[in-house]
There are 2 protein chains.
Amino acid sequence: MAAPATEIEAAQPEVPAQGRTGRAGGVRARVRAELTAEIKEAARCQLAEVGAADLSLRAVARELGMVSSAVYRYFASRDELLTALIIDAYNALGAEAESADAGVARADLEGRFRAVGRAIRRWGLAHPYEYALIYGSPVPGYVAPDDTIAAASRTSLVLTGILADGHASALGAPGAELPEALRTELERLGTQLGGDVPPPLLARGLTVWMGMFGAVSFELFGQLHNVVDERDALFEFELDRWIGLLELR
Amino acid sequence: MAAPATEIEAAQPEVPAQGRTGRAGGVRARVRAELTAEIKEAARCQLAEVGAADLSLRAVARELGMVSSAVYRYFASRDELLTALIIDAYNALGAEAESADAGVARADLEGRFRAVGRAIRRWGLAHPYEYALIYGSPVPGYVAPDDTIAAASRTSLVLTGILADGHASALGAPGAELPEALRTELERLGTQLGGDVPPPLLARGLTVWMGMFGAVSFELFGQLHNVVDERDALFEFELDRWIGLLELR
DNA sequence: CAAGTTTCGAGAGCAGTGCTCTTGACTTCT
DNA sequence: AGAAGTCAAGAGCACTGCTCTCGAAACTTG
């Protein structure tokens with residue numbers, strides 16, 4: 001409590017970093033990996049409490065019983081730490097979507113879509129600050145490095161996978177009043193995604209994609225406050241509509 | 001350049017606050033109102049440069065040639081300044097939507113909707129940080145005071161106004177597979193909005209509402225990066241879809 | 001095994017932040 | 001004219017991100 005001016009902390013000697021003898025690909029590297037993970041974990045914990053804007057490098061250092069400058073051996077800056085958290089968040093959401101998709105019979109397209117949609121919303125509600133980190137307003141000077149895009153596309157890939165299976169199995173893409181510029185771009189995007197989704201169907205996918213995250217964001221960011229309380233019912237209703245639009249029924 | 005440690009600044013004597021003699025409803029009150037506006041203006045300016053998270057009270061004070069503590073005479077905290085900016089942003093967007101709506105013949109529902117949608121997107125693109133302030137992730141500890149809801153609903157009122165006019169003029173609300181809980185709530189919401197919009201139509205309005213801001217947010221927050229470049233075409237395409245869903249054609 | 005190199009944690013320090021409190025000058029009301 | 005209220009300024013506190021240096025470990029090489 002006393003002793004100001006300098007950084008002190010009752011060290012919690014959990015994993016003292018030298019109780020472990022050598023061997024196995026370098027002790028240093030292993031300890032480093034562990035500490036990196038611990039820092040991220042503590043940061044994630046603090047993120048859930050105070051949000052990204054107030055995430056303090058010094059505070060996570062304090063919680064780990066180390067001094068703030070030591071953290072800079074693992075993350076060159078606060079932004080770099082945040083980037084790591086962003087990638088982790090994308091991966092966590094992506095994994096959630098993937099496992100939800102895998103839990104339903106491949107032929108049950110409607111069931112798969114519904115499961116994935118619910119999983120996305122559920123994850124967002126359970127990790128609001130991590131969701132805000134990836135789908136909220138980007139932090140000011142920050143530009144997402146390309147490392148994030150791979151992690152970011154996992155969730156989208158699950159969604160387009162369902163679309164591709166739907167198109168392959170039978171029904172698919174009727175209407176074709178797609179403006180030329182959009183059409184060619186969606187064609188490129190379709191092949192780039194590897195999937196077999198024709199532009200008109202992919203366009204509907206975009207609508208659903210934006211609508212779905214729009215709905216989750218509205219709920220999480222307080223835009224439905226004093227507007228709709230029956231959020232579960234609303235989302236299920238929206239799910240039905242998206243399923244109808246994608247002709248997954 | 002020299003002289004550290006204390007807050008100094010070459011005072012820009014614009015509006016010296018005592019070059020004006022008495023009269024007219026209190027000089028003090030007028031000067032106070034002007035200075036309040038100037039602070040907000042400077043803050044808005046800084047907001048556009050560095051974003052909300054890095055908005056510094058000291059910096060806006062510096063820009064106005066005053067000392068930071070003086071600003072606290074006008075805004076009790078940084079959050080209070082931000083709240084003022086949020087309300088202003090809601091009002092700016094609402095005014096934009098209203099004037100767009102007013103610029104089209106009342107009977108031309110599709111034209112009105114299209115104009116309002118474009119106005120919303122245009123305003124967002126022109127004021128990304130202000131848009132992020134109101135439709136992005138909320139700042140951590142912050143809870144929107146009820147002052148904001150009036151300003152926030154202006155835009156929604158324009159949209160529901162179009163819906164109400166559409167319902168009154170003729171066509172409207174067919175499908176009725178609305179779950180009971182949602183139905184009753186939308187009924188309440190409908191009357192609360194004063195408009196004459198039956199629940200099924202209002203439900204579609206919600207879908208469009210969330211979809212529209214979802215689309216604008218995705219574009220502004222970088223989610224379409226490396227996905228869709230033809231943003232204009234995409235938004236117009238979405239507009240068509242929403243118009244179809246609302247049967248405004 | 002010993003010498004040299006790299007990596008690490010600690011500490012001090014800088015510039016910046018939000019916010020508080022006090023002080024003295026000024027305006028406004030009685 | 002005196003009392004009451006309002007204001008900008010300054011000093012200061014606790015905090016932040018980040019840099020730099022230093023000594024002690026951990027590795028690598030001879």
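These figures come from a predicted structure and were not determined experimentally. Here is how names work: the chains are called A, B, and so on, in the same order as the sequence lines, proteins then strands, and each is numbered from 1.
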**Q** Check whether any side-chain heavy atom of W209(B) sits under 4.5 Å from a side-chain heavy atom of L206(B), and report yes or no.
**A**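 Touching, per the 4.5 Å side-chain cut-off.
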
**Q** For nucleotides 5-9 of chain C, tabulate all protein N/O to nucleotide N/O atom pairs closer than 3.5 Å, reporting atom names and distance.
**A**
unit_1 : atom_1 : unit_2 : atom_2 : d
dT6(C) : O2     : R28(A) : NH2    : 3.0
dT7(C) : O4'    : R28(A) : NH2    : 3.0
dC8(C) : OP1    : R32(A) : NH1    : 2.9
dC8(C) : OP2    : R32(A) : NH1    : 2.8
dG9(C) : OP1    : Y74(A) : OH     : 2.7
dG9(C) : OP2    : Y74(A) : OH     : 3.4
dG9(C) : N7     : R73(A) : NE     : 3.3
dG9(C) : O6     : R73(A) : NH2    : 2.5

**Q** So does A215(A) get a backbone contact from the side chain of R121(A), meaning a donor-acceptor N/O pair under 3.5 Å?
**A**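 Such a contact is absent between R121(A) side chain and A215(A) backbone.
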
**Q** Apply the side chain to side chain contact (heavy atoms under 4.5 Å, CB included) test between V71(A) and each candidate in I39(A), L35(A), L64(A); give the one that qualifies.
**A**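 Single side chain to side chain contact (heavy atoms under 4.5 Å, CB included) partner of V71(A) among I39(A), L35(A), L64(A): I39(A).
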
**Q** After noting the C-alpha distance and the side-chain angles of Y135(B) and V216(B), does the key distance pass the side chain to side chain contact (heavy atoms under 4.5 Å, CB included) rule?
**A** CA-CA 10 Å; Y135(B) 287 103; V216(B) 174; over 6 Å; no

**Q** Check every strand shown and say whether L55(A) touches a base, only sugar-phosphate, or nothing at a heavy-atom separation below 4.0 Å.
**A**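 The answer is sugar-phosphate, as L55(A) gets under 4.0 Å only of primed atoms, P, OP1 or OP2.
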
**Q** Rounded to the nearest angstrom, tell me the gap between atom OH in Y72(A) and atom P in dT16(D).
**A**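 Value for this atom pair: 11 Å.
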
**Q** How many whole angstroms separate atom CZ of R78(B) from atom P of dT17(C)?
**A**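 Distance, rounded to whole Å: 11 Å.
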
**Q** Please check: side-chain N/O of S77(B) versus main-chain N/O of E80(B), any donor-acceptor pairing under 3.5 Å?
**A**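 Yes, because the side chain of S77(B) sits within donor-acceptor range (under 3.5 Å) of the backbone of E80(B).
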
**Q** Quickly work out the D54(A) CG to dC15(D) P distance and round it to whole Å.
**A**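 After rounding, the reported distance stands at 14 Å.
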
**Q** Is the backbone of E130(A) close enough, under 3.5 Å, to the side chain of R44(A) for a donor and an acceptor to pair up by distance?
**A**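 Side chain of R44(A) to backbone of E130(A): no pair is present.
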
**Q** Report the distance from atom CG of L64(B) to atom P of dA9(D), rounded to the nearest whole Å.
**A**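 The distance from CG of L64(B) to P of dA9(D) comes to 11 Å, rounded to the nearest Å.
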
**Q** If only atom types and distance count, is the side chain of E185(B) paired as donor or acceptor with the main-chain N or O of D229(A) below 3.5 Å?
**A**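 It does hold such a pair.
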
**Q** Can a cation-pi geometry be assigned to R118(B) and F235(B), taking NZ or CZ under 6.0 Å from the six-membered ring centre and within 45° of the ring axis?
**A**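 The answer is no; the distance or angle limit is not met.
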
**Q** Taking only the side-chain nitrogens and oxygens of R62(A), find out if one of them lies under 4.0 Å from OP1 or OP2 of dA10(C).
**A**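 So the side chain of R62(A) is outside the cut-off, no N or O lying under 4.0 Å from OP1 or OP2 of dA10(C).
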
**Q** What base-paired stems does DNA chain C take part in, with at least 3 consecutive Watson-Crick or G-U wobble pairs and both distances under 3.5 Å?
**A**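 So far as stems of 3 or more pairs are concerned, DNA chain C shows C:1-30 with D:1-30.
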
**Q** Measure from CG on L57(B) to P on dT16(D) and round the result to the nearest Å.
**A**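 In whole Å, dT16(D) P lies 19 Å from L57(B) CG.
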
**Q** Over how many whole Å does the gap from R58(B) atom CZ to dC15(D) atom C1' extend?
**A**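 Going from CZ in R58(B) over to C1' in dC15(D) covers 11 Å.
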
**Q** Between D101(B) (side chain) and A97(B) (backbone), is there a donor-acceptor pair under 3.5 Å?
**A**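 No, because the side chain of D101(B) does not come within donor-acceptor range (under 3.5 Å) of the backbone of A97(B).
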
**Q** Figure out the CD/C1' separation between E80(B) and dG18(C), and round it to whole Å.
**A**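 Result: 14 Å.
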
